[in-house]
Every structure is written in C-alpha cells, then in structure tokens.
Amino acid sequence: MHSKTKPTISLALFCKVVDNYGDIGICWRLARQLEQEHGVAVTLWVDDLRSFQRICPQVDTERDVQHIEHIRIQHWQNQDGVFTADDIADIVIEFFACDIPPGYIAAMAACKPQPVWLNLEGLTAETWVEGCHTLPSPHPSLSLTKYFFFPGFTSRTGGLLVESGLEQQRQEFTSDRQAAFLSSLGCAPAELNSLKVSLFCYPQAPVPALLQAWQSGEKPVTCLVPEGVASEAVAAFLGTEAKAGATASRGALTLRVLPFVPQPDYDKLLWSCDLNFVRGEDSFVRAQWAGKPFIWHIYPQDENLHHVKLKAFLQAYTPATPALVALSHAWNGVTTTGINGTEIWPEFLADIPQIAAASTNWQHQLLTNGDLTSNLLKFAHTKR
Ligand code: TRH
C-alpha cells in the first residue's frame with residue numbers, strides 16, 4: 001500500500017458518460033486507485049452526476065465541485081472558457097476519446113513543461129491493439145502530442161484495472177462474510193445452497209429462454225438480478241413489477257430482484273455467486289477478478305462489430321470450454337440457437353467446476369501484465 005505523503009503529481013481525468021454506468025464506473029475506479037495507491041491528486045471531470053450517483057450514493061448531483069474519498073469531482077458542463085497554466089494538471093486523461101474543452105487544450109499547449117496527455121481507450125482482446133498501444137497522435141494545429149493507452153489482456157497492452165489488495169479482500173470476504181451478505185440481500189437459507197447466479201445484461205439478451213432453462217432444469221438455481229436489468233423478462237417471470245425485493249419461485253428457479261448496489265457491493269455480489277452474467281467493460285473485468293465462471297454480454301455495436309470482439313476474447317480466454325463458447329454465442333446473438341431448446345445450458349452447467357478451476361490460472365496470467373493504473377503512470381513518467 002502506498003504511504004500517504006503529500007501528493008506531488010496532479011492528474012485530470014475527463015469522463016463523458018455515453019450511456020449506462022461503465023464510463024463513470026471505470027473512471028471512478030481508476031481515480032480511486034490513483035489516489036489511494038499512488039498518492040496522485042486527481043480531479044475527475046464528469047458530465048453526468050446522476051449516473052455517477054447510482055454507483056456511488058455519496059455523490060451530490062447538485063454540486064459543481066465536491067470531494068469524495070480525497071478525489072476532487074468537478075461537474076463538467078459548459079466549461080468552454082479560458083484556462084490558465086495553473087488550471088492544468090501534470091497528467092491529463094481523456095476517457096474513450098471524449099473531447100476535452102478547447103480552452104483546456106490551448107492552456108496545455110502553453111504550459112512549460114507540457115502535461116502528459118493520454119487517451120484511455122476501450123477494452124478489446126483484438127490483437128491490433130498491441131500495435132496501437134502508446135502510439136503518439138500529434139495535435140493537428142498545436143505543438144502538443146496525445147498518446148493512446150489501451151487496456152488489454154497481454155503484456156503489450158496497458159493491462160486491466162485491479163487494486164493491489166483486491167484478492168485478499170475477496171478471500172477474507174468469501175471465508176466469513178458471504179452468507180451474511182447474501183442474507184442481507186434477502187436470500188433465504190435454501191437459496192444459499194443452490195446455484196447462485198447474478199444477472200447483468202443488456203435488454204436484448206435472451207433472458208426468457210435462460211429463465212425457462214433454469215426453471216425446467218433439475219439443479220436448484222437462485223438468480224439475483226439488480227433492479228432495472230432485464231426488467232421486462234423479469235416482470236414476466238414474477239407476474240409483478242420488477243422492483244427490488246420482489247421474488248418468485250417456479251420449478252427449480254428462484255428469481256430475486258436486488259437493489260442496484262454501490263460499486264464495492266457489486267464486487268461482493270460477484271464473489272458470492274457461482275456464476276455471473278456480466279456486460280460492457282467494468283463488470284466484465286470484475287467478473288474475471290472474482291475468479292468465478294461468467295458469461296459476457298458485450299456492448300452492441302453497429303454492423304455486429306461486437307461479435308468480432310467477443311470471438312477475440314473467447315479465443316484468448318483459456319478457461320473457455322466448447323459449452324461456454326456456445327452459450328456465449330447464443331447469449332450475444334452470434335448464433336440463433338435457443339438456450340432452452342438445446343443442450344447448451346446442461347452442458348455449460350456440467351462444465352462449471354472445470355471453468356472455475358481454470359479461472360485462477362487465468363487471473364495469474366492477467367496479473368503478469370501488471371495493473372493498468374501502475375502501467376499508465378509508468379508510461380506517463382517516460383513522457384515527462
Ligand atoms: O453499464 P454498462 O453497460 O456500461 C458501459 C457503458 O454502456 C459504456 O458506454 C460502454 O462503453 C461500456 O459499457 C462498454 O456496463 P459496465 O461496463 O459493466 O459498467 C457497469 C458499472 O456499474 C460497473 O462499474 C459496476 C457497476 N454496478 C454497480 O455499481 N452496482 C450494480 O448493482 C451493478 C449491476 C453494476
């Protein structure tokens with residue numbers, strides 16, 4: 001753990017929320033790790049405080065500036081004016097190529113020395129990222145260079161976000177607090193002994209087919225779904241509105257709607273379940289650090305570009321079995337084979353112990369790439 005000395009490096013992280021919670025989820029996680037483990041003075045510029053509040057309830061949506069966990073949070077709205085050199089951080093990160101204010105860029109160009117400017121890109125397992133990671137991109141009119149920084153799964157990328165104490169926290173939690181956590185979410189004792197599954201996906205996932213497969217299977221399944229996720233399919237199963245606290249059992253399946261929990265509790269949910277359905281980028285990465293089998297619902301893109309990214313990941317992901325690949329393809333619409341009308345679910349269920357066992361090796365492999373936050377700071381230092 002970093003010893004808390006006076007911060008010497010300042011960093012501005014600009015986050016535009018495109019939709020949902022992943023953009024701010026990743027930036028908030030990065031901001032906290034920069035501050036807590038590296039003593040960096042972080043200002044997080046974010047344009048959507050409501051989305052932020054959903055994963056971090058301490059956020060006050062009415063404040064322009066606030067401090068949470070020693071991070072300065074600046075509501076980013078119409079700051080199109082003039083900035084001076086004093087306003088500019090030592091390291092400037094734009095997340096997902098969001099356009100930072102032109103006045104800020106002009107002030108960066110005028111600084112001596114200039115700040116290190118990075119564009120933190122989205123995660124993909126495609127091999128081309130290795131050739132683009134850390135490439136310079138000169139500004140078209142100013143004497144200023146921006147560098148691409150790609151997260152990834154290999155040593156020739158920036159790696160993945162992972163806090164240094166995460167695995168220890170997970171082990172301590174699973175050894176003595178997991179049952180109490182699940183009970184606090186309303187789970188009954190019998191549910192604790194069933195196959196516990198968390199469900200987080202986009203609306204187009206074939207959730208009704210999956211619920212049908214669980215309901216008509218032999219293995220008791222408890223599906224925990226945060227409020228707001230797959231609401232239509234969940235409401236149809238429940239026969240009532242998909243509100244937190246709602247629950248119903250049919251056949252082998254118990255479905256339980258959870259509140260949308262703060263970000264640290266979402267990790268606990270992943271750690272507590274035997275199987276996690278995750279989506280986007282941040283929950284997808286957290287599922288890997290949870291060391292449990294998971295099925296990824298990838299963020300949909302035009303012209304099915306996301307299918308290419310899904311396949312690239314499945315090829316790299318060493319714990320994958322043919323059944324995991326088949327279920328992932330069906331879940332993401334790569335194949336139109338139904339989940340319940342075939343053997344996909346029973347075959348995947350049978351593979352769960354094998355996938356779980358292989359997940360630890362996968363984690364070790366990922367950890368040899370270092371963690372994204374340290375890698376990013378190391379790279380920034382080479383440019384200062
Ligand atoms: O919410 P996502 O779909 O987010 C994103 C965005 O759509 C983004 O625009 C896109 O670029 C990206 O996906 C690929 O999924 P993600 O990335 O998993 O982020 C969800 C965040 O919400 C994550 O930080 C975990 C958090 N979370 C909670 O804090 N509590 C909860 O109950 C749940 C279900 C999630």
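In what follows, residues are counted from 1 in the order of the sequence shown. Both ligands and their constituent atoms are indexed starting at 1 by order of listing. Treat the numbers as computed from the prediction; the structure is a model and nothing was measured. What's counted below: heavy atoms across the whole structure, side chains too, no hydrogens, waters or symmetry copies.
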Check your understanding: Is there a donor-acceptor pair under 3.5 Å between the side chain of Tyr202 and the backbone N or O of Gly280?
Key -> yes

Point to revise | Nitrogen or oxygen of Val261 less than 3.5 angstrom from that of ligand 1 | key: yes

Review point. Can you name the nearest heavy-atom pair linking Trp271 to Thr174, along with the distance?
Key: O-CG2, 3.9 Å

Point to revise | Heteroatom proximity flag, Gly22 to ligand 1, N/O under 3.5 Å | key: yes

Review point. Looking only at heavy atoms, which two atoms of Phe153 and Asn369 are closest? And how far apart?
Key: O-ND2, 3.0 Å

Review point. Side chain, backbone, both or neither: which part of Pro226 has a heavy atom under 4.0 Å from ligand 1?
Key: side chain

Check your understanding: Is the NZ or CZ atom of Arg286 both under 6.0 Å from the centre of the six-membered ring of Tyr266 and within 45° of that ring's axis?
Key -> no

Review point. Under 6.0 Å between ring centres, would you say that holds for Phe149 and His133?
Key: yes

Practice item. Provide the number and element of each atom of ligand 1 under 4.0 Å from a heavy atom of Gly25. Key: 24 (O)

Revision key, fill the gap. Of Tyr21, Tyr202, Phe95, the one whose closest heavy atom lies nearest atom 13 (O) of ligand 1 is Tyr202

Check your understanding: What do you reckon, does Asp23 have a nitrogen or oxygen under 3.5 Å from a nitrogen or oxygen of ligand 1?
Key -> yes

Check your understanding: Is the closest side-chain donor-acceptor distance between Asp267 and Gln169 under 3.5 Å?
Key -> no

Exercise for review: Determine yes or no for a side-chain-to-main-chain donor-acceptor pair under 3.5 angstrom, with Asp47 supplying the side chain and Gln77 the backbone.
Suggested key: no

Practice item. Give the numbers and elements of all ligand 1 atoms closer than 4.0 Å to a heavy atom of Asp19. Key: 6 (C), 7 (O), 8 (C), 9 (O)

**Study point:** Least distance between heavy atoms, Leu120 atom then Pro151 atom
**Key:** CD1-CD, 4.2 Å

**Study point:** Glu281-ligand 1 polar pair, N/O distance under 3.5 Å
**Key:** yes

Review point. For ligand 1, is Pro262 a contact, meaning one of its heavy atoms is under 4.0 Å away?
Key: yes

Practice item. Please could you name the atoms of ligand 1 that Gly280 approaches to less than 4.0 Å, counting only its heavy atoms? Key: 13 (O), 14 (C), 15 (O), 17 (O)

**Study point:** For Tyr299, atoms of ligand 1 separated by under 4.0 Å from a heavy atom
**Key:** 7 (O), 14 (C)

Study note, to complete from the structure: So the atoms of ligand 1 within less than 4.0 Å of a heavy atom of Val18 turn out to be 9 (O)

Check your understanding: Which atoms of ligand 1 sit under 4.0 Å from any heavy atom of Asn20?
Key -> 1 (O), 2 (P), 3 (O), 4 (O), 6 (C), 7 (O)

